[in-house]
Number of protein chains: 2
Amino acid sequence: MTRKATALDVARRAGVSRSAVSLVLNGRGDGNVAKDSQERILAAAAELNYTPNAIARSLRDQRSRVIGLVSDQAVTSPFDGEIIAGADAVARSRGFVTLATDTEQDALRDLDAVRTLLDRQVDGLIYVTVGLHELHVPQGMLAVPAALANCYASPDSPPGASALPSIQPDEVTGGHDAAAHLIGLGHRRIAFLGGEYSSPAVALREAGFRAAMAEAGLPVREDWVLEAGWDIAPGHAAATALLSAPAGERPTALLGGNDRAAVGMVLAAARLGLDVPRDVSVMGYDDEQRVASVMVPALSTVALPLRRIGEEAMRAVLGALDGGGPARGPLLIPCELTPRYSTGPAPAV
Amino acid sequence: MTRKATALDVARRAGVSRSAVSLVLNGRGDGNVAKDSQERILAAAAELNYTPNAIARSLRDQRSRVIGLVSDQAVTSPFDGEIIAGADAVARSRGFVTLATDTEQDALRDLDAVRTLLDRQVDGLIYVTVGLHELHVPQGMLAVPAALANCYASPDSPPGASALPSIQPDEVTGGHDAAAHLIGLGHRRIAFLGGEYSSPAVALREAGFRAAMAEAGLPVREDWVLEAGWDIAPGHAAATALLSAPAGERPTALLGGNDRAAVGMVLAAARLGLDVPRDVSVMGYDDEQRVASVMVPALSTVALPLRRIGEEAMRAVLGALDGGGPARGPLLIPCELTPRYSTGPAPAV
DNA sequence: TTGAAAGCGTTACCAC
DNA sequence: GTGGTAACGCTTTCAA
């Protein structure tokens, strides 16, 4: 725990000035510093285990190389996590670091969080939300290059907020592809058991579902389009109700709001003595880590491009920082259809 | 995006010197600065929306009020997330901020991560791992007050590493309490289907399980103590094998390695036409967010005290920073028995 | 009660 | 080719 070596220590040891140390260590020694001085400097730096103090450098450069992340639920949810991981990876590859603060669902706290981050002189900001969300953009976000990951500015946001780059999953296409997958397997009686319409994603996916049905010339049974929640228990309940009908009258395929609800649907089918996917196909949504792929049977689903959302948000911010004019407005990232073993050909009946 | 106001701007506007501004804003105005000057300063600060530049302050104070978190898998896993959330909450309540970097499973990268964090002049460090782990402590961690969350120093760590505070779940007691819960429900034929012995947690929980059985005078069937993995599929497989035996010869209760494996066990029971918990009880471990509590039936489990582990690790570091001599060595945090509906009285047979 | 000055560690500029 | 100096924004000490 001895004090860290400074450039001055290195200079002294090498018998040169601090400026020389700075030049050499930043790769601009050639043409400015004598060869043997350079060697002495490098040697001294290595011996003292010297690395520049990033804080001092930040102050001097007026840029911290830190991007602030504000998240409404970063840590307790595996979703934000993926977004943050993507953002962090891109940042790191460009010599930046991310400073994440979690408001733990307390929407008021984001003002504070942004302020703290700004005080720390972050060079840019990204707001990350768990589910696709409308967001009242906190004022301070417009003070530096910023982006919205998995959310978009609400109309009552401060002026200018609507021009922020907003990276979102392409939910319409996702819903469409999920339905098209089932239709391709011969299903005609498909139920859309979305999560909760309080999330804008559900209506978008429903629109995609309806488009796919229309393309195939299939009718949509309106009593099979319903809210079945985001959790195992409500998914279980909704599926039980639907699947209790006799074979010819029940859906042959269930489109769940997310993977956990789909797990509930698979459990419900098992309870009713129905085999998945022989008697009924079940699709999830999200491709949630640690759930979808390890389920029995492994869940067919639509993968949310969370990591890419994080990456693109960071690219937008870093791009603006590099002087490339700021990216503007929404950017839709495709969701990837991920068929596994919970979907199969429609039963004969 | 206009430049932020500095203390000098405030001073000019209030017609005083920078020192006065600093004194007043740090609450030491009384007795040093005239009342009306104080008011003018406060007013000017508010008008200019002034807050001190944390970077400059860090440089000046030689302390950044940042604690670095190194995690082997912070973000993609819901586990590290809880630990980080706990650590972050404690840090924030004390005016600190956390800077998290994820090595994304690349053990070599932690050296780099620590170095980056140290370059940023973090005041302390915490290493966070997903599962209870032996850890080769990276050299640099000893340069500042540090703690290990959910891990402990391996023998080949640098000297001094073994004295680091190490916050761990009390797995032995956790395993004991899980078994005791089942025994209390009248079960005598209990299978211990641990995860993988590559995790030190499994042997500890097994020890607790054996202790509880011994206390109750119950024999342990050695062929019912086995590795059943961490995922739904292997849990499913292991339970299927065990539960296929006739009623009198199969276990009446299954102790799973974690919640996901337990989900597989519940699925296996359902497949075999067994009701949980009437015919067989199933316990998980971890109390994993978004899995255990929403399962059908809701899973009885043992809750890992992840949030508290994060909190205690942060307290240890902050305590050392406050001059309180550093905490030393391991600290075991109790795991909480969390009975729900997947366990019930032992069947009559 | 106030203001001037030093210093934290860095880098860029400018004399030498 | 080299080294001194200023500046980033802050806090603290010291002198007026």
Side-chain angles (χ1 to χ4, degrees), chain A residues 2-42 44-45 48-66 95 116 118-123, chain B residues 2-42 44-45 48-66 95 116 118-123:
Chain A
T2 70
R3 284 247 290 77
K4 257 196 73 177
T6 77
L8 184 56
D9 298 325
V10 176
R12 274 207 264 265
R13 191 181 186 96
V16 298
S17 75
R18 289 183 303 204
S19 341
V21 173
S22 175
L23 284 173
V24 170
L25 262 37
N26 288 307
R28 290 183 300 132
D30 287 347
N32 291 311
V33 178
K35 270 273 172 285
D36 62 328
S37 290
Q38 294 200 33
E39 281 170 25
R40 282 204 317 280
I41 289 170
L42 257 12
L48 294 174
N49 216 324
Y50 169 78
T51 47
N53 178 325
I55 296 249
R57 203 206 288 251
S58 297
L59 183 60
R60 155 80 217 195
D61 293 350
Q62 297 292 83
R63 53 159 7 185
S64 59
R65 300 199 147 257
V66 176
T116 302
L118 253 14
D119 286 350
R120 300 249 169 204
Q121 310 297 115
V122 294
D123 293 338
Chain B
T2 70
R3 283 245 292 74
K4 256 196 76 177
T6 75
L8 184 56
D9 298 324
V10 176
R12 275 208 264 264
R13 189 180 189 97
V16 298
S17 75
R18 290 183 302 202
S19 347
V21 173
S22 176
L23 285 173
V24 171
L25 263 36
N26 288 307
R28 291 186 300 133
D30 288 346
N32 290 312
V33 179
K35 267 275 172 282
D36 61 328
S37 290
Q38 293 200 32
E39 281 169 26
R40 285 204 314 283
I41 289 170
L42 257 13
L48 293 173
N49 215 324
Y50 169 78
T51 46
N53 178 327
I55 296 251
R57 200 205 290 250
S58 298
L59 184 58
R60 154 80 216 201
D61 294 350
Q62 296 293 86
R63 58 172 347 199
S64 59
R65 300 199 146 257
V66 176
T116 302
L118 253 13
D119 287 350
R120 300 250 169 202
Q121 310 297 117
V122 294
D123 292 338

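Below, read A as the first sequence line, B as the second, and so on, with proteins coming before strands; counting in each chain starts at 1. Just so we're clear, the structure is a prediction, and the values are computed from it rather than from any experiment.
Considering only heavy atoms from C-beta on, A:Lys35 comes within 4.5 Å of A:Asp30 through its side chain. Using a 4.5 Å heavy-atom cutoff, the side chains of B:Ile55 and A:Asp119 are not in contact. At a threshold of 4.5 Å between non-hydrogen side-chain atoms, the residues B:Asn53 and A:Gln121 count as touching.
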- Message: Checking B:Arg40 against B:Asp36 for the salt bridge (charged side-chain N to carboxylate O under 4.0 Å, His left out) test, could you report, in this order, the C-alpha distance in whole Å, the side-chain angles of both residues, the deciding distance, and whether it holds?
- Response: CA-CA 6 Å; B:Arg40 285 204 314 283; B:Asp36 61 328; 3.6 Å; yes

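Within the 3.5 Å criterion, the main-chain N or O of B:Asn49 finds no donor-acceptor partner in the side chain of B:Lys4.
Atom CG of A:Leu8 and atom C1' of C:dT10 are 12 Å apart (whole Å). One can place CZ of A:Arg28 at 9 Å from P of C:dT11, the figure rounded to the nearest angstrom. Rounding to whole angstrom units, CG of residue A:Asp61 and C1' of D:dG9 are separated by 14 Å. Distance A:Leu23 CG to C:dC14 P: 14 Å, rounded to the nearest Å. For A:Gln38 and D:dG1, the CD to C1' distance is 11 Å, given to the nearest whole Å.
In the set C:dA5, D:dT2, C:dT10, C:dT10 carries the atom at the smallest distance from any side-chain atom of A:Asn53. Minimum atom distance to the side chain of B:Ala56 is reached by D:dC10, of the listed C:dC8, C:dA5, D:dC10.
Between the side chain of B:Arg60 and the base of D:dT11 there is at least one donor-acceptor pair of N/O atoms closer than 3.5 Å. Counting atom types as modelled, A:Ser22 pairs no side-chain N or O with a base atom of C:dA12 as donor and acceptor under 3.5 Å. Looking at A:Ser37, its side chain has no donor and acceptor atom pair within 3.5 Å of the base of D:dG1.
Across all strands, B:Arg63 comes closer than 4.0 Å to no nucleic acid atom at all (heavy-atom distances). As judged by a 4.0 angstrom heavy-atom cut-off over every strand, B:Ala34 is placed among residues touching the sugar-phosphate backbone only. Using a 4.0 Å heavy-atom distance criterion, A:Asn32 is classed as a base contact. Within the 4.0 angstrom heavy-atom criterion, only backbone atoms of the sugar-phosphate kind lie near A:Ala7; the bases stay farther away.
Of the residues near DNA chain D, B:Arg18 and A:Asp36, the one whose nearest nucleotide (by heavy atom distance) lies more toward the 5' end is A:Asp36.
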